[in-house]
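Naming: A, B, ... by sequence-line order, numbering from 1 per chain.
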Amino acid sequence: ENSTCVLFIMANKVLVGVKRAIHYAAKIRVKPDKSGVDVANVKMSMNPFCEIAVEEAVRLKEAGHAKEVIAVSMGPKQCQETLRTAIAMGADRGIHVETDQVMEPLQVAKALRALSEREKPDLVLLGKQAIDDDANQTGQLLAGLLDWPQGTFASEVKFDSGKLLVTREVDGGLETIRLSTPAVVTADLRLNEPRYATLPNIMKARKKKIDTFKPEELDIDLTSRLEVVSTDEPPTRSAGVIVESTQELVEKLKAAGTI
Amino acid sequence: LSFDPASGAVSCEAGVVLQTLDEYLAEQGHRVPLDLAAKGSCQIGGNVSTNAGGIRYLRYGSLHGSVLGLEVVLSDGTILGGSGATALRKDNTGYHLKNLFIGAEGTLGVVTGVTLLTPSRLKSTNVAYLACQDYESVVNTFRSARAGLGEILSAFEFQDSYALKVVLDNLPNSRSPLQDQYPFYALIETSGSNEDHDRQKLEAFLDQVMSSQLVLDGVLAQSETQANQIWSLREGVAESMQRSGYVYKYDLSLPLARMYQLVQDTRKRIGELGYVVGYGHLGDSNLHLNVSTKEASNEVLGLLEPFLYQQTREYGGSVSAEHGIGQAKLDYLSYSKSAAEIATMRKLKALFDPHNILNPNKVFSME
């Protein structure tokens with residue numbers, strides 16, 4: 001006789017990565033030595049796609065699909081502010097991997113792998129990409145390192161009969177895939193609209209804890225595999241030219257080699 | 001256009017758009033001392049002639065204090081002030097003529113150049129949106145804010161639930177930051193030079209107003225985007241009212257404790273005939289009371305005027321806190337100024353403009 005077992009699949013833990021990235025409206029300058037962008041005194045804030053990931057994680061918890069939401073951030077000590085924001089939105093606690101090194105996607109993925117092996121989440125939610133480097137690699141690298149299924153560019157995430165149904169935004173439209181857990185999902189713009197941090201939650205957030213780890217404690221290799229050869233500002237737009245007639249327009253286009 | 005980084009004084013011609021001036025100052029690490037919803041189109045000369053107020057009045061005061069010098073053309077062609085109008089911070093030599101022109105609505109002279117004292121642009125800004133059960137709580141929250149936030153408080157605005165609703169109904173992509181609906185909302189902004197210091201003060205203040213139940217719920221913007229969204233809920237009221245019908249607008253100064261009573265009385269008076277909203281610069285005791293109706297109606301106008309102005313007079317308030325008299329309120333100047341004051345104004349007008357060529361029939365009509 002077969003006995004049927006009804007499993008209420010619930011993610012026990014959801015790990016959410018949040019990046020402290022350059023604010024979208026900040027004016028940035030390239031460093032004189034062209035080694036990168038000058039981030040000193042530049043306004044930083046939580047990467048918008050990470051906000052969406054946090055919001056989704058909190059909604060999953062509110063819907064009863066998850067027991068605990070853990071926010072993770074990697075970088076200098078100011079990342080703790082970013083974690084506080086995630087906690088004020090509803091995450092239960094935070095983990096800060098402290099390093100002053102500039103983070104590359106592979107390094108972040110390794111740190112997330114180490115934490116995933118520790119915390120054993122059923123779901124890792126990340127933003128699809130950071131708006132400062134636009135890499136769009138961390139989620140995919142992490143899934144590869146963990147050998148977990150991945151649902152990237154998610155515009156909808158649902159639990160269905162023990163599996164994760166992820167609707168992805170792809171070039172041709174929408175694609176829905178079914179993943180078993182544990183899995184990595186990266187959030188796209190239309191997944192949700194992040195909530196504001198409410199005062200009661202901000203006050204509760206202060207009592208919630210943030211654990212700090214140094215990369216060595218997690219046994220991760222942070223050697224950079226990338227070398228920034230040079231960074232340049234986009235070429236300044238040259239002034240347009242006003243022409244007197246269509247004849248002249250055609251001549252100028254021909255001279256520019258465009259027709 | 002010139003800017004002195006040592007004193008923060010900027011000189012420009014009257015036609016410079018406020019926002020343009022602000023953007024220029026931003027590059028110097030400064031900002032204009034006033035801020036209003038129309039900043040994308042209003043000109044600094046006009047701001048001076050109308051003594052414009054706005055949302056940062058609470059922090060930076062009026063143009064009477066910020067204007068260091070003016071270049072003004074009088075009705076006989078005389079130019080007062082000259083080019084590069086004086087940029088002195090303190091100058092008590094004789095009468096302060098420039099102050100006569102600030103707020104004179106162009107009736108005493110035409111402002112052609114302005115020298116303005118500009119404050120430093122401070123890096124740390126925080127915006128919170130709070131919900132209160134009743135008007136008294138809003139007022140007490142303001143007093144708490146003044147005491148607890150002190151020098152970092154840069155704006156304190158309020159709006160009733162009707163004002164929020166009209167924005168949510170008419171402004172695309174707007175949403176309430178709070179789960180539930182409340183009768184009153186307050187928008188608090190702080191502005192300072194040190195993020196940590198400001199955050200600490202703000203959190204202590206928010207702790208206190210939440211635990212004492214003055215504030216029932218609220219949010220704190222976590223990014224500039226959220227801060228702008230919250231501001232749009234307050235700054236979008238006028239536009240939202242316009243979209244929803246014909247609007248009667250009133251801008252009154254009233255004793256703080258009694259400010260909202262007038263809104264309630266008006267709502268009762270108007271009944272089904274119109275939609276009444278109350279909002280404004282609570283920190284300056286300046287109420288904006290707007291009534292929208294499907295179309296212009298003499299019946300509604302009759303219910304509103306002179307009632308609102310009479311009530312204002314009774315409380316010793318101003319029939320025009322910041323919007324000026326212009327043409328629309330010619331008949332109501334006497335509700336806030338005595339006969340002696342108006343007579344003195346007429347004498348000044350006759351002195352400066354004997355032929356009545358400067359913006360005639362504004363502020364008062366010359367017989």
Side-chain angles (χ1 to χ4, degrees), chain A residues 18-27 29 40-55 58-59 62 71 73 76-91 94 127 131-132 189-190 192-207, chain B residues 23 26-27 29 121-132 141 172-180 182 185-188 193-196 198-200 202-233:
Chain A
V18 293
K19 182 178 183 182
R20 178 175 175 264
I22 296 177
H23 184 79
Y24 82 93
K27 288 214 157 65
R29 298 223 152 82
N41 294 319
V42 160
K43 206 183 190 97
M44 309 288 274
S45 65
M46 189 190 290
N47 180 44
F49 293 108
C50 298
E51 265 179 38
I52 296 174
V54 173
E55 175 64 25
V58 174
R59 286 189 191 190
E62 287 170 346
S73 192
K77 113 170 117 59
Q78 291 92 326
C79 287
Q80 302 233 354
E81 286 161 28
T82 317
L83 287 170
R84 290 264 164 240
T85 302
I87 295 175
M89 282 172 71
I131 59 169
D132 48 13
L189 191 64
R190 276 168 277 272
N192 60 50
E193 206 180 344
R195 66 191 61 191
Y196 290 88
T198 63
L199 297 188
N201 281 341
I202 292 174
M203 297 204 293
K204 277 190 233 154
R206 262 177 274 152
K207 303 199 184 86
Chain B
E23 283 165 7
E27 288 170 24
R121 195 168 211 99
L122 298 169
K123 290 200 214 117
S124 163
T125 308
N126 284 301
V127 175
Y129 198 69
L130 311 175
C132 296
T141 303
N173 296 324
S174 59
R175 57 171 180 145
S176 170
L178 301 163
Q179 296 277 51
D180 298 314
Y182 298 88
Y185 301 93
L187 188 160
I188 299 186
S193 53
N194 185 318
E195 290 254 17
D196 293 328
D198 289 3
R199 267 277 158 158
Q200 263 176 35
L202 186 55
E203 289 189 355
F205 161 73
L206 292 172
D207 246 337
Q208 190 243 314
V209 289
M210 283 286 299
S211 50
S212 63
Q213 297 273 331
L214 269 182
V215 167
L216 300 176
D217 197 4
V219 300
L220 182 58
Q222 299 294 313
S223 68
E224 199 175 306
T225 315
Q226 285 190 349
N228 290 337
Q229 283 169 343
I230 292 174
W231 266 114
S232 71
L233 296 174

Engineer: Could you grab the distance from atom CG of L220(B) to atom CG of N201(A), nearest 0.5 Å is fine?
Structural biologist: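 One gets 12.0 Å once the value is rounded to the nearest 0.5 Å.
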
Engineer: Can you spot which of L206(B), L178(B), L216(B) makes a side-chain contact (heavy atoms from CB on, under 4.5 Å) with L199(A)?
Structural biologist: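 That would be L206(B); it is the only one of L206(B), L178(B), L216(B) passing the side-chain contact (heavy atoms from CB on, under 4.5 Å) with L199(A).
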
Engineer: Distance-only check: which donor-acceptor pairs under 3.5 Å involve side-chain atoms of residues 79-91 of chain A, not counting sequence neighbours?
Structural biologist:
from	atom 1	to	atom 2	distance (Å)
Q80(A)	NE2	H96(A)	ND1	3.3
Q80(A)	NE2	T212(A)	OG1	3.4
R84(A)	NH1	A205(A)	O	2.9
R84(A)	NH1	K208(A)	O	3.4
T85(A)	OG1	E81(A)	O	3.1
T85(A)	OG1	Q222(B)	OE1	2.9

Engineer: Pair I202(A), M210(B) - check side-chain contact (heavy atoms from CB on, under 4.5 Å), show working.
Structural biologist: CA-CA 11 Å; I202(A) 292 174; M210(B) 283 286 299; over 6 Å; no

Engineer: Side chain, backbone, both or neither: which part of K27(A) has a heavy atom under 4.5 Å from chain B?
Structural biologist: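 When you check distances to chain B, no heavy atom of K27(A) falls under 4.5 Å.
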
Engineer: Taking atom CZ of R206(A) as the centre, does the number of heavy atoms from other residues, nucleotides or ligands within less than 6.0 Å exceed 12?
Structural biologist: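 For R206(A), atom CZ is crowded (more than 12 foreign heavy atoms under 6.0 Å).
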
Engineer: Could you list all the salt bridge (charged side-chain N to carboxylate O under 4.0 Å, His left out) pairs where at least one residue sits in residues 192-201 of chain A, not counting sequence neighbours?
Structural biologist: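 Qualifying pairs: E55(A)-R195(A), E62(A)-R195(A), E193(A)-R175(B).
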
Engineer: State the OG-CE distance between S223(B) and M46(A), to the nearest 0.5 angstrom.
Structural biologist: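 Output value for this atom pair is 9.5 Å.
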
Engineer: Determine the minimum heavy-atom distance between G218(B) and P200(A), stating which atoms define it.
Structural biologist: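 Scanning both residues completely, I find the closest heavy atoms to be O-CD, 4.3 Å.
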
Engineer: In terms of heavy-atom proximity below 4.5 Å to chain B, should P48(A) be classed as side chain, backbone, both, or neither?
Structural biologist: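 Looking at P48(A), nothing touches chain B.
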
Engineer: To the closest 0.5 Å, what do you measure between OH (Y24(A)) and OG1 (T225(B))?
Structural biologist: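 So the gap between those two atoms works out to 4.0 Å.
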
Engineer: Quick one: which of Q179(B), Q229(B), R199(B) has the most heavy-atom pairs under 4.5 Å with chain A, could you say?
Structural biologist: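 Most heavy-atom pairs under 4.5 Å with chain A: Q229(B).
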
